[in-house]
Amino acid sequence: MMADKGIKRSSMDNESSSDPKRAKTDAKYNKYLAHYDDNDAQNGNGFSSPLDQLQRHKTTAEQAAKCEDSDLNPWTGQPHSQQYFNILQTRRNLPVCQQRKEFLEMYHKTQILVFVGETGSGKTTQIPQYVLYDELPHQTGKLIACTQPRRVAAMSVAQRVANELDVELGQEVGYSIRFENKTGPKTMLKYMTDGQLLRESMHDHEMSRYSTIILDEAHERTLATDILMALLKQIAERRKDLKIIVMSATLDAQKFQTYFFGAPLLAVPGRTHPVEIFYTPEPERDYVEAAVRTVLQIHATEPEGDVLLFLTGEEEIEDACRRINLEVDDMIQESDAGPMRVYPLYGTLPPAQQQRIFDKAPEPLRKGGRPGRKCIVATNIAETSLTIDGIVYVVDPGFSKQKIYNPRSRVESLLVSPISKASAQQRAGRAGRTRPGKCFRLYTEKAFKKELIEQTYPEILRSNLANTVLELKKLGVEDLVHFDLMDPPAPETMMRALEELNYLACLDDDGELTELGSRASEFPLDPALAVMLISSPEFYCSNEILSITSLLSVPSIWVRPNNARKRADEMKQQFAHPDGDHLTLLNAYHAFKGAEQSGADVKQWCHEHFLSPRHLMSADNVRAQLKRIMETHDIELISTPFQDKNYYTNIRRALLAGFFMQIAMRESSNSKVYKTVKDDQLVMIHPSTVITSPYDWVVYNEFVLTTKQYVRTVTNIRPEWLLEIAPVYYDLEAFDKGEIKSALTRITDKIRRRQAMKGGA
DNA sequence: GAGCACTGC
């Protein structure tokens with residue numbers, strides 16, 4: 001572990017300057033603090049305030065409440081608005097408010113605290129404020145951070161809390177997410193994504209800006225949360241002044257307690273309505289069919305209330321929606337059923353269509369007729385990311401698509417798998433948000449009890465960890481084996497990650513971070529992409545590789561509606577480059593920028609060309625961020641002139657600087673099957689490719705496992721480039737016997753002969 | 001000649 005002296009010392013310095021007395025003395029000598037008036041300033045805010053009565057880490061619930069009740073806002077000195085008092089009323093009715101005293105007493109006594117609160121307890125908005133009144137950040141100059149797994153949550157909760165505290169968002173209360181930092185010099189309480197805090201700590205290993213870190217939604221066990229927990233566990237030993245609160249929904253609270261040195265636990269009940277659970281007596285063979293039937297059954301027999309059905313993916317959802325719609329039409333004709341509006345909901349749906357799920361349920365078809373309802377058919381997105389009020393019936397077939405990682409073949413893929421008990425409970429809970437509800441589980445009670453696992457495996461056990469290992473190295477974690485993760489990944493996954501990073505020259509043979517690795521970790525990218533980007537000036541095409549990298553980091557820019565596939569494919573042909581998909585992406589991006597610069601209506605232009613304006617603009621956003629990072633690291637931005645015959649060749653060569661491990665060779669002439677280098681997987685080029693020629697060697701961006709094994713986003717390359725650009729990986733001495741080795745050996749021999757001839761002449 | 005669960009930097 002890296003408890004080096006330099007770090008210790010700096011944390012001590014922070015400690016002493018955070019002493020309120022010292023801060024005050026400093027202020028006297030600081031001519032820049034012109035606003036500081038010693039006469040009436042007790043609190044550093046420049047006015048007297050009820051906060052002056054408070055002592056850091058000694059605030060009682062009563063004192064804090066008194067501050068909140070006062071006419072003047074203790075944080076700004078401005079009078080409280082009427083709205084403030086209205087909200088205060090509702091805040092005081094939240095379940096968590098009952099335990100403010102208990103919370104503070106516990107918080108005073110302990111460094112780490114586990115807080116459990118179910119939905120509706122108010123923990124996400126209130127706990128950080130309770131901490132605020134106890135940490136008194138205006139005295140210490142340190143912030144309180146509260147992390148969220150998702151951006152929208154960080155933004156919306158920050159806005160809510162700003163309203164509750166009667167301050168402007170971005171001032172005393174702010175948020176920080178990728179592409180948007182809405183905080184300022186006055187900010188005391190900062191909501192942020194867990195990934196954002198992780199990124200910050202790469203440059204501040206002690207998290208010295210913060211007095212308190214609250215990890216919210218820890219039960220979701222995102223990769224970032226898991227790493228933050230392990231880091232905080234270490235930092236807590238070095239920084240005794242740092243307080244940590246881990247907040248979770250009930251389920252595995254004890255696991256968190258045990259992990260954090262037996263930290264004390266405080267639990268607050270939620271505010272939800274009871275949900276009655278029904279199981280099928282026999283297992284269902286076709287869960288989509290069973291789900292459709294159940295929805296119709298509810299519509300025919302149950303009282304008013306909306307329905308939420310969980311399915312696994314876009315295709316399944318669209319299919320189910322169609323079937324439900326057809327059947328409901330029949331029901332209306334035949335048995336005078338009420339109207340039902342069916343909405344699909346999944347992540348790749350455009351936001352405007354996602355919004356439609358909040359439309360009101362339809363009115364009865366005639367006055368006094370059977371009530372209408374809406375039915376939402378959703379992926380897992382409705383389990384965590386989106387809450388829909390008014391749901392009374394949940395239909396849960398018990399499956400979801402989950403990412404799995406196979407370290408042996410180094411392939412991440414999506415697989416329809418049974419959900420966990422925790423997920424099933426979460427889904428059922430969606431029925432009880434506004435009134436008592438019902439949940440229909442399309443599996444047997446026995447299956448629920450015996451076959452479902454307790455918790456979904458945390459992300460860290462299901463991912464390629466190359467990126468994570470690089471981050472950890474940059475975070476100063478020397479000893480990965482003893483890095484105390486809550487659920488340590490399989491040794492093989494770790495080994496694979498280390499091996500990959502070593503080949504990319506991000507880690508040396510001793511596993512130490514190299515200069516390249518250190519630079520690569522600065523980019524919010526997978527290591528291969530980062531290395532490609534950093535190397536690109538050597539190939540005189542960093543501008544172009546920057547664009548390609550950005551395009552590869554966002555969802556596909558190609559739009560292909562079911563009713564216009566042919567036209568979409570034709571349009572794509574306009575951008576096609578014969579050498580492959582990477583260059584085609586670049587062409588489309590350049591055309592998009594051209595349209596933008598000529599003042600065209602970009603949305604209209606994209607629509608005509610079957611391109612996604614949303615994803616192109618987000619690629620542009622990513623590009624700007626990556627460009628800034630390149631500039632700060634003096635990575636040159638250059639292009640080969642477009643007229644130069646090597647314009648595209650240089651780009652193809654540059655791709656190999658990062659992706660030399662993702663190469664496939666054609667099995668034999670007139671075969672469509674390729675074999676991947678070193679992994680020896682048989683693959684086909686994904687049908688979405690623009691490539692029509694039977695190239696012998698290709699570089700690919702990703703390996704996808706669906707009905708067949710495919711490589712997707714593919715570009716033609718020359719094998720001799722591999723030997724030149726990645727000589728270590730293509731050291732033929734160490735290569736396994738096979739066609740690929742023989743082919744490469746022939747090429748090496750040819751090159752040698754050519755060089756010998758040149759030398760001889 | 002196929003498909004992209006969901007996040008995040």
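Chain A is the first sequence line, chain B the second, and so forth, proteins listed ahead of strands; every chain is numbered from 1. What you see below is based on every heavy atom in this structure, not just the backbone, and it leaves out hydrogens, waters and symmetry mates. Since we're looking at a predicted model, the values are computed, not measured.
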Nearest-angstrom distance from the residue atom CZ of A:F703 to P of B:dC4
13 Å

Position toward the 5' end of DNA chain B (nearest nucleotide), A:F179 or A:L414
A:L414

Assert: residue with more 5' nearest nucleotide on DNA chain B, out of A:Q354 and A:D569, is A:D569

Which is true for A:R221 with a 4.0 Å heavy-atom rule: it touches a base, it touches only sugar-phosphate, or it touches nothing?
nothing

B:dC9 P sits how many Å from A:R519 CZ, rounded?
24 Å

Per atom distances to the A:T193 side chain, the nearest of B:dG8, B:dA5, B:dG1 is B:dG8

For A:R565 and B:dG1, is the shortest distance between a side-chain N/O and OP1 or OP2 below 4.0 Å?
no

Looking at every strand, decide which applies to A:K708 at a 4.0 Å heavy-atom threshold: base, sugar-phosphate, or nothing.
sugar-phosphate

Nearest-Å distance, CD (A:E314) to C1' (B:dA5)?
11 Å

Can you see whether A:R666 engages A:S671 through a side-chain donor-acceptor pair at a distance of less than 3.5 angstrom?
no

Using whole Å, report how far CG of A:L705 lies from C1' of B:dA2.
13 Å

Is it the case that A:T225 and A:E220 place a side-chain donor and acceptor less than 3.5 Å from each other?
no

Spacing of A:R712 atom CZ relative to B:dC4 atom P, expressed in whole Å:
5 Å

Can a side-chain donor-acceptor contact be found between A:D581 and A:T713 if the only test is distance below 3.5 angstrom?
no

Rounded to the nearest Å, what distance is computed from the CG atom of residue A:L470 to the C1' atom of nucleotide B:dC9?
12 Å

Determine the contact category for A:L198: base if any of its heavy atoms lies under 4.0 Å from a base atom, sugar-phosphate if only primed atoms, P, OP1 or OP2 are that close, otherwise nothing.
nothing

Spacing between A:Y710 atom OH and B:dC4 atom P, to the nearest angstrom
11 Å

Close side-chain approach of A:W558 to A:L585, heavy-atom, < 4.5 Å:
yes

As a test of reading the structure: which of B:dA5, B:dG1, B:dT7 is closest to the side chain of A:R150, going by heavy atoms?
B:dT7

Test item: side-chain donor near acceptor, A:Y346 and A:E318, under 3.5 Å:
yes

Between B:dA5, B:dC4, B:dT7, which one does the side chain of A:S556 approach most closely?
B:dC4

Quickly work out the A:E315 CD to B:dA2 P distance and round it to whole Å.
12 Å

Contact class for A:T379 vs. all strands (heavy atom < 4.0 Å): base, sugar-phosphate, or nothing?
sugar-phosphate

Of the nucleotides B:dT7, B:dC9, B:dA2, which has the atom closest to the A:R560 side chain?
B:dA2

Testing B:dG8, B:dT7, B:dA2 for proximity to the side chain of A:N467, the answer is B:dG8

